[in-house]
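Predicted, not measured: the structure shown is a model, and the values here were computed from it. Note that these values count all heavy atoms, side chains included, but never hydrogens, waters or copies made by symmetry.
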Amino acid sequence: MELLNWEYFLAIEDDLINASRFVEFAETNFKTFSIEFARILFASSSEFDVMAKALCHEIESTQRPKNIDEYRKIILSQFPKFPSFEIKIPRYGLILKPWNSWQANDNPTWWNSYNNVKHERNRCYQEATLENAIYATAGL
């Protein structure tokens with residue numbers, strides 16, 4: 001099963017890399033939104049949801065967390081430094097901390113945008129940005 005999850009991550013990462021041919025990964029472009037970024041945001045975030053449930057089960061097999069707030073409590077109980085993890089993308093000079101907001105007991109902006117676009121696409125489509133796609137993939 002782990003190999004399947006890894007292969008799925010690599011496919012998402014590959015889609016993100018391919019998108020860089022059309023929109024440069026620069027902070028000046030972070031607010032660019034598109035269907036492709038929405039698709040990457042959805043894929044990364046929903047895969048994180050799957051993986052977080054599995055990780056929570058490994059940490060505390062008696063728990064059945066239902067949302068990211070519950071994931072956060074369980075994951076941080078075992079991995080308190082999780083929010084400080086950095087993802088570096090040297091090619092673009094980016095250093096990301098996709099889980100930094102967990103230090104303040106908040107959810108990442110990209111996670112909130114994922115839910116906004118998923119549930120209210122008509123109103124929130126512009127949140128399907130390059131920034132959120134990059135951060136969601138880094139979070140995964």
Next on the checklist: Trp99 vs Phe48, test: ring pair (Phe, Tyr, Trp, His ring centres under 6.0 Å). Steps then yes/no.
Outcome noted: CA-CA 12 Å; Trp99 296 104; Phe48 169 76; 4.5 Å; yes
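Counting heavy atoms from C-beta on, the side chains of Glu127 and Phe33 never come closer than 4.5 Å. The shortest side-chain heavy-atom distance between Tyr135 and Leu96 falls under the 4.5 Å cut-off. Looking at Asn100 and Gln103, their side chains come closer than 4.5 Å, going by heavy atoms from C-beta outward. The shortest distance between side-chain heavy atoms of Gln78 and Ile74 does not fall below 4.5 Å. A heavy-atom distance below 4.5 Å is found between the side chains of Arg64 and His57. When side chains are defined from C-beta on, Phe30 counts as touching Ile134, because their heavy atoms get closer than 4.5 Å. Between Leu140 and Tyr8 there is no side-chain heavy-atom pair separated by less than 4.5 Å. Considering only heavy atoms from C-beta on, Phe37 stays 4.5 Å or farther from Thr129 through its side chain.
Distance CZ/Phe79 to CD1/Ile59: 5.0 Å, rounded to 0.5 Å. Residue Glu120 holds its CD atom at 12.0 Å from NZ of Lys118, rounded to the nearest 0.5 Å. Atoms CD1 and NZ, on Ile87 and Lys97 in that order, are 11.5 Å from each other to the nearest 0.5 Å. Atom OH of Tyr125 and atom OG of Ser113 lie 13.5 Å apart (nearest 0.5 Å). Residue Trp111 holds its CH2 atom at 10.5 Å from OG of Ser44, rounded to the nearest 0.5 Å. Taking CG from Asn115 and OG from Ser45, the interatomic distance works out to 8.0 Å, rounded to the nearest 0.5 Å.
Of all non-hydrogen atoms in Asn107 and Asn112, the two that sit nearest each other are O-ND2, 3.7 Å. Scanning both residues, Ala128 and Val117, for their nearest heavy atoms gives N-CG2, 3.9 Å. Summarising the geometry of Phe25 relative to Ala19, their closest heavy-atom pair is CE1-C, 4.4 Å, with the distance given to 0.1 Å. Closest approach of Thr137 to Glu13, counting heavy atoms only: CG2-CA, 4.4 Å. Across Leu130 and Glu24, no two heavy atoms sit closer than the pair CD2-O, 3.6 Å. Listed here is the closest heavy atom pair of Trp110 and Pro98: NE1-O, 3.0 Å.
Salt bridge absent: Glu70 and Lys73 never bring a charged side-chain N and a carboxylate O closer than 4.0 Å.
Grouping the Ile, Leu, Val, Met, Phe, Trp and Tyr side chains by contacts below 4.5 angstrom, directly or via other members, places Phe42 apart from Ile35. A chain of hydrophobic side-chain contacts below 4.5 Å, direct or via other Ile, Leu, Val, Met, Phe, Trp or Tyr residues, connects Tyr71 to Phe82. Cluster membership check: Ile95 does not share its hydrophobic cluster with Phe85, using side-chain heavy-atom separations under 4.5 Å among Ile, Leu, Val, Met, Phe, Trp and Tyr. Grouping the Ile, Leu, Val, Met, Phe, Trp and Tyr side chains by contacts below 4.5 angstrom, directly or via other members, places Leu10 with Leu16.
Within 6.0 Å of the CD atom in Glu27, the count of heavy atoms belonging to other residues, nucleotides or ligands does not exceed 12.
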